[in-house]
Structure formats: C-alpha cells, structure tokens
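Here the structure comes first, spelled out in structure tokens, and everything after it is commentary.
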Amino acid sequence: MGRKNEPQFLLERIARDRIHTNRFWREKCFDLDLLDLINVVAELDQVGGLYGATAKASPFLCLLLRLLQLQPSEEIVQVYIEQRPFKYLRALGLVWWRLTQPSVK
C-alpha cells in the first residue's frame with residue numbers, strides 16, 4: 001500500500017513526529033487495538049492537538065493517529081460515534097470520519 005493510501009499520512013509529518021516522541025504514545029498507544037482504544041479514550045478529559053512552546057502532542061491527537069493506523073471499517077467508527085455517554089470517543093470517531101471520508105456534494 002502506498003503512502004497516499006495510508007490514512008496516517010493525513011496528519012502532517014511534524015505532527016506525526018511529535019506524536020512518536022510523546023510519552024503517552026509510547027506507553028499507551030503504540031500497541032493498542034480497536035477494543036483497547038475505547039478504554040484509553042474513556043480516560044480522556046479533553047480534546048486537543050499540538051500545544052505549548054515545544055508543540056507537544058495531546059493524548060487525543062496520539063489516539064487519532066493510532067485510529068488512523070488501525071484503519072477501522074466505517075461500521076466500527078459509526079459505533080464509536082453512536083456512544084453518547086462517551087463524548088471523547090464520539091469526538092475521535094467524528095474527527096476520523098471527517099479526515100477519511102469523502103465530502104458529500
């Protein structure tokens with residue numbers, strides 16, 4: 001599969017580099033599967049991107065990259081989005097959907 005077909009490359013290289021050097025990524029995200037990802041997202045308390053003077057990656061952004069790497073089916077992400085009690089899981093699913101799915105014309 002070429003780079004253009006890899007969803008993880010939807011995030012800019014600098015963002016991916018910051019994520020890969022992030023402690024949260026190394027300790028919690030590196031080997032997550034789709035089921036374990038739900039448990040880690042349930043612990044989140046905010047949505048974020050890169051922040052601070054050193055452009056540190058937020059846990060949400062780390063989990064987004066992992067979800068992009070896992071390449072879940074649309075049906076799995078729809079289940080994530082339908083989970084009303086888990087707002088950060090829904091937000092993660094919605095961001096994934098917006099990045100990976102074609103726009104409606």
Side-chain angles (χ1 to χ4, degrees):
M1 187 177 280
R3 288 177 76 102
K4 290 187 178 187
N5 295 331
E6 280 286 331
Q8 70 177 331
F9 294 116
L10 294 169
L11 293 180
E12 293 291 331
R13 185 186 62 79
I14 189 68
R16 291 191 317 271
D17 290 347
R18 299 289 183 188
I19 292 167
H20 291 144
T21 60
N22 188 293
R23 184 175 181 175
F24 182 83
W25 170 264
R26 292 188 313 261
E27 292 179 1
K28 295 206 174 189
C29 300
F30 184 73
D31 61 351
L32 284 179
D33 61 20
L34 289 170
L35 189 58
D36 292 333
L37 184 116
I38 295 170
N39 296 328
V40 176
V41 173
E43 297 173 8
L44 289 181
D45 60 357
Q46 61 187 342
V47 171
L50 299 175
Y51 66 93
T54 59
K56 184 177 177 183
S58 70
F60 182 85
L61 193 59
C62 293
L63 291 166
L64 176 61
L65 178 62
R66 186 64 186 146
L67 189 59
L68 289 168
Q69 289 176 338
L70 292 171
Q71 299 181 21
S73 67
E74 291 178 23
E75 292 80 19
I76 290 174
V77 177
Q78 284 177 342
V79 170
Y80 286 5
I81 293 169
E82 293 168 359
Q83 303 305 311
R84 292 206 179 271
F86 301 102
K87 62 184 174 184
Y88 298 110
L89 181 60
R90 292 185 75 204
L92 187 66
L94 289 167
V95 172
W96 177 92
W97 195 274
R98 181 64 186 102
L99 286 174
T100 62
Q101 301 304 305
S103 61
V104 179
K105 297 193 181 204

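As a basis for the values below, the full set of heavy atoms in this structure was taken, side chains included, without hydrogen atoms, waters or symmetry mates.
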**Report entry** Residues forming a side chain to side chain donor-acceptor pair (under 3.5 Å) with Glu12, sequence neighbours excluded
**Finding:** none

Looking at every heavy atom in both [X] and [Y], which two are closest together, and how far apart are they?
X	Y	value
Leu50	Ala57	CD2-CA, 3.7 Å
Arg26	His20	CG-O, 4.1 Å
Phe24	Cys62	CD2-CB, 3.8 Å

Query - side chain to side chain contact (heavy atoms under 4.5 Å, CB included) evaluation trace for Thr100 with Gln71 - result: CA-CA 10 Å; Thr100 62; Gln71 299 181 21; over 6 Å; no

Requested in this report: Any chance you could lay out the side chain to side chain contact (heavy atoms under 4.5 Å, CB included) test for Arg13 and Asp17, step after step, and finish with the verdict?
Outcome: CA-CA 6 Å; Arg13 185 186 62 79; Asp17 290 347; 2.6 Å; yes

Query raised in the report: Does the side chain to side chain contact (heavy atoms under 4.5 Å, CB included) test come out yes or no for Leu92 and Val77, once each step is laid out?
Result: CA-CA 9 Å; Leu92 187 66; Val77 177; over 6 Å; no

Query raised in the report: So which pairs with a foot in residues 54-68 pass side chain to side chain donor-acceptor pair (under 3.5 Å), sequence neighbours left out?
Result: Arg66-Gln69

Supply the atom-to-atom distance [X] [atom1] to [Y] [atom2], rounded to the nearest 0.5 angstrom.
X	Y	atom1	atom2	result
Ile19	Cys29	CD1	SG	8.5 Å
Leu32	Leu70	CG	CG	7.5 Å
Trp96	Leu10	CH2	CG	10.5 Å
Glu74	Gln101	CD	CD	4.0 Å
Leu65	Leu68	CG	CG	6.5 Å
Leu99	Trp97	CG	CH2	12.5 Å

Requested in this report: With sequence neighbours excluded, tell me which residues meet side-chain contact (heavy atoms from CB on, under 4.5 Å) with Leu94.
Outcome: Ile81

Query - Phe86, CZ: over 12 other non-hydrogen atoms inside 6.0 angstrom - result: no

Query raised in the report: Run the side chain to side chain contact (heavy atoms under 4.5 Å, CB included) check on Leu63 and Leu44 step by step: do they pass?
Result: CA-CA 10 Å; Leu63 291 166; Leu44 289 181; 3.7 Å; yes

Would you indicate whether the side-chain heavy atoms of [Y] and [X] approach each other to under 4.5 Å?
X	Y	value
Gln46	Phe60	no
Leu37	Tyr80	yes
Arg18	Asn22	no

Query raised in the report: When clusters are formed by joining ILVMFWY residues with side-chain heavy atoms under 4.5 Å apart, either directly or through shared neighbours, do Leu67 and Leu35 land in the same one?
Result: yes

Query raised in the report: Side-chain heavy atoms under 4.5 angstrom apart, residues restricted to Ile, Leu, Val, Met, Phe, Trp, Tyr: same cluster for Leu34 and Val79?
Result: no

Query raised in the report: With no hydrogens and no angle check, is any side-chain donor or acceptor of Tyr88 less than 3.5 Å from a backbone partner on Asp45?
Result: yes

